Amino acid sequence: MVAPTITFESPPPAALDALRDEVLDLKRQRNAVILAHNYQLPEIQDVADFVGDSLGLSQQAAATSADVIAFCGVHFMCETAKILCPERTVVMPDPDAGCSLADSCNADALAAWKQRHPEHCVVSYINCSAGVKALSDVICTSGNAVKIVQSIPASRPILFCPDQNLGQWVMQKTGRAMELWPGVCYVHVQWTHEAVSKIKREHPAAPLVAHPECVGPVRQLADEVCSTEKMVKFCRDNPAAEFIIATEIGMLHRLRKECPGKTFIPAATDNCRCNECRFMKLNTLEKLRDCLRDLSNRIELHAETCRRARAPIQRMLDVSAA
Ligand code: 13P
Ligand code: SF4
């Protein structure tokens, strides 16, 4: 998917209030549930029924009894909801909300890689297309990747795709060797050891919390490396008054709500907006209103792809719950 150009200033407060009322009315009329990722704009997080990481959102999608799932995240997340709930209508505010990781590995490329390693177990990060999931043995998220890899018999070699940084982190945590696909998140690889060290020197008492999609030299500096949802728990439980957060900027809204009184410092080096995911930020409250009103931007998947992709996702949910 080609990276779209972005403009994502929030509307003025009165317009936001009116839009929020419209969204809530439509949600009731449609018997819909609104799921939002932690990177979504504050006004979308505030109107959602559930805000969380990829794992939590999958679990919510699997459990919902709503007729419509309005998924405020990126395309692979909406596809995952559709795979888990093929009978429900899944809509997304902006169909161009993709992901650089999902784009880095298509199903044909994975099929060719598998062919060269026929004895390997394929573990795919949830940030991938339905076609890639359908070719995988098990899916993982950043919240459960270590547990998923540990659940695979030690004698079985592993292909891990598409995020090489998450893969390297899992190798360090588990001591398991894995073949890694060379994909990256274009947002998380922008932070460098040098830039993050500088922020740490400016805030010596603040623990650094980094997402595993960050590069190794940044992860090395971190006091905690974890999924976005686990960041909430870490910051809530840790007695520190301020934290440096190396992940997408939307996370700071969630953290500020969940941990009032604590200070969260984005690990950006200046006002470059380099920690905003241009895909996540395509979704707006207006587009959420439109997709609920018109049931537009529906996720449609080939029934066979859906069937084949469900098994490795279900395996992940089962291992996570065990
Ligand atoms: P989480 O599952 O940790 O929320 O990560 C999703 C993601 O896309 C990170 O860039
Ligand atoms: Fe994909 Fe990175 Fe955006 Fe997450 S932050 S959705 S991994 S491009």
Side-chain angles (χ1 to χ4, degrees), residues 1-4 6 8 35-41 44-45 48 50-61 71-81 92-94 96-105 124-129 132 139-148 161-167 169-170 181 183-191 209-215 218-219 222 224-235 245-255 258 266-268 273-283 313 316-317 320:
M1 202 173 285
V2 177
I6 38 156
F8 44 84
L35 304 182
H37 188 264
N38 286 320
Y39 296 164
Q40 290 293 285
L41 289 171
I44 291 186
Q45 293 192 31
F50 179 82
V51 183
D53 66 356
S54 307
L55 177 61
L57 292 167
S58 308
Q59 289 164 332
Q60 290 291 323
F71 206 123
C72 304
V74 291
H75 197 261
F76 74 81
M77 296 178 176
C78 308
E79 278 190 341
T80 305
M92 63 187 296
D94 191 313
D96 289 330
C99 168
S100 68
L101 272 170
D103 287 350
S104 74
C105 182
S124 293
Y125 186 29
I126 198 164
N127 297 40
C128 65
S129 67
V132 165
I139 303 303
C140 71
T141 70
S142 56
N144 62 19
V146 168
K147 196 172 182 188
I148 297 292
C161 80
D163 187 22
Q164 58 179 299
N165 288 303
L166 175 66
W169 178 69
V170 172
W181 186 264
V184 297
C185 162
Y186 89 96
V187 180
H188 286 86
V189 296
Q190 296 190 72
W191 293 299
V209 186
H211 197 275
E213 290 170 12
C214 292
V215 296
V218 169
R219 295 197 311 270
E224 178 71 0
V225 177
C226 59
S227 75
T228 59
E229 196 58 33
K230 289 183 181 171
M231 288 181 184
V232 175
K233 184 171 170 11
F234 177 83
C235 295
I245 306 297
T247 196
E248 210 270 352
I249 192 76
M251 191 64 218
L252 272 71
H253 179 69
R254 176 83 200 282
L255 286 167
E258 299 275 356
R273 295 193 136 182
C274 57
N275 55 0
E276 284 177 333
C277 172
R278 62 180 173 252
F279 300 109
M280 285 280 181
K281 294 306 194 270
L282 283 174
N283 295 329
I313 300 174
M316 169 189 85
L317 293 175
S320 279

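Along the sequence shown, the residues carry numbers beginning at 1. Whatever order the structure lists ligands and atoms in, that order sets their numbers, starting from 1. What you are looking at is a predicted structure, and each value in this text was computed from that prediction instead of being measured.
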Original post:
From L55 CG over to E229 CD, what is the distance, rounded to the nearest 0.5 angstrom?
Top reply: 9.0 Å
Subject >> Nearest-0.5 Å distance, OG of residue S320 to CD1 of residue I139 >> reply: 11.5 Å
Subject >> Residues Y39, T247; criterion side-chain hydrogen bond (donor to acceptor under 3.5 Å, both in side chains); working and verdict >> reply: CA-CA 9 Å; Y39 296 164; T247 196; 2.7 Å; yes
**OP:** Sequence neighbours left out, what passes salt bridge (Lys or Arg N to Asp or Glu O under 4.0 Å) with K233? Give chain and number order.
**Re:** D237
Original post:
With a cut-off of 4.0 Å, which atoms of ligand 2 are near a heavy atom of E213?
Top reply: 7 (S)
Subject >> Residues in the immediate environment of ligand 1 (any heavy atom closer than 4.0 angstrom) >> reply: H37, Y39, D53, S54, Y125, N127, S142, H188, H211, E213, S227, T228
Original post:
Sequence neighbours excluded, which residues qualify as salt bridge (Lys or Arg N to Asp or Glu O under 4.0 Å) partners of E213?
Top reply: none
**OP:** Would you give the length of the straight line joining atom CD1 of I249 to atom CG of N275, rounded to the nearest 0.5 angstrom?
**Re:** 4.5 Å
**OP:** To the nearest 0.5 Å, tell me how far F50 CZ sits from Q45 CD.
**Re:** 11.5 Å
**OP:** Under 4.0 Å, heavy atoms only, figure out whether ligand 2 is touched by the backbone of N127, its side chain, both or neither.
**Re:** side chain
Original post:
Cation-pi between R278 and Y186: NZ/CZ under 6.0 Å from ring centre and within 45° of the ring axis?
Top reply: yes
Original post:
How many angstroms lie between SG in C72 and CG in L35, if you round to the nearest 0.5 Å?
Top reply: 8.0 Å
Subject >> For atom 3 (Fe) of ligand 2, every protein N/O/S atom that sits closer than 2.8 Å, waters excluded >> reply: C277 SG
**OP:** Evaluate the side chain to side chain contact (heavy atoms under 4.5 Å, CB included) criterion for residues W169 and V146: first the C-alpha distance (whole Å), next the side-chain angles of each, then the deciding distance (0.1 Å), finally the verdict.
**Re:** CA-CA 9 Å; W169 178 69; V146 168; 4.1 Å; yes
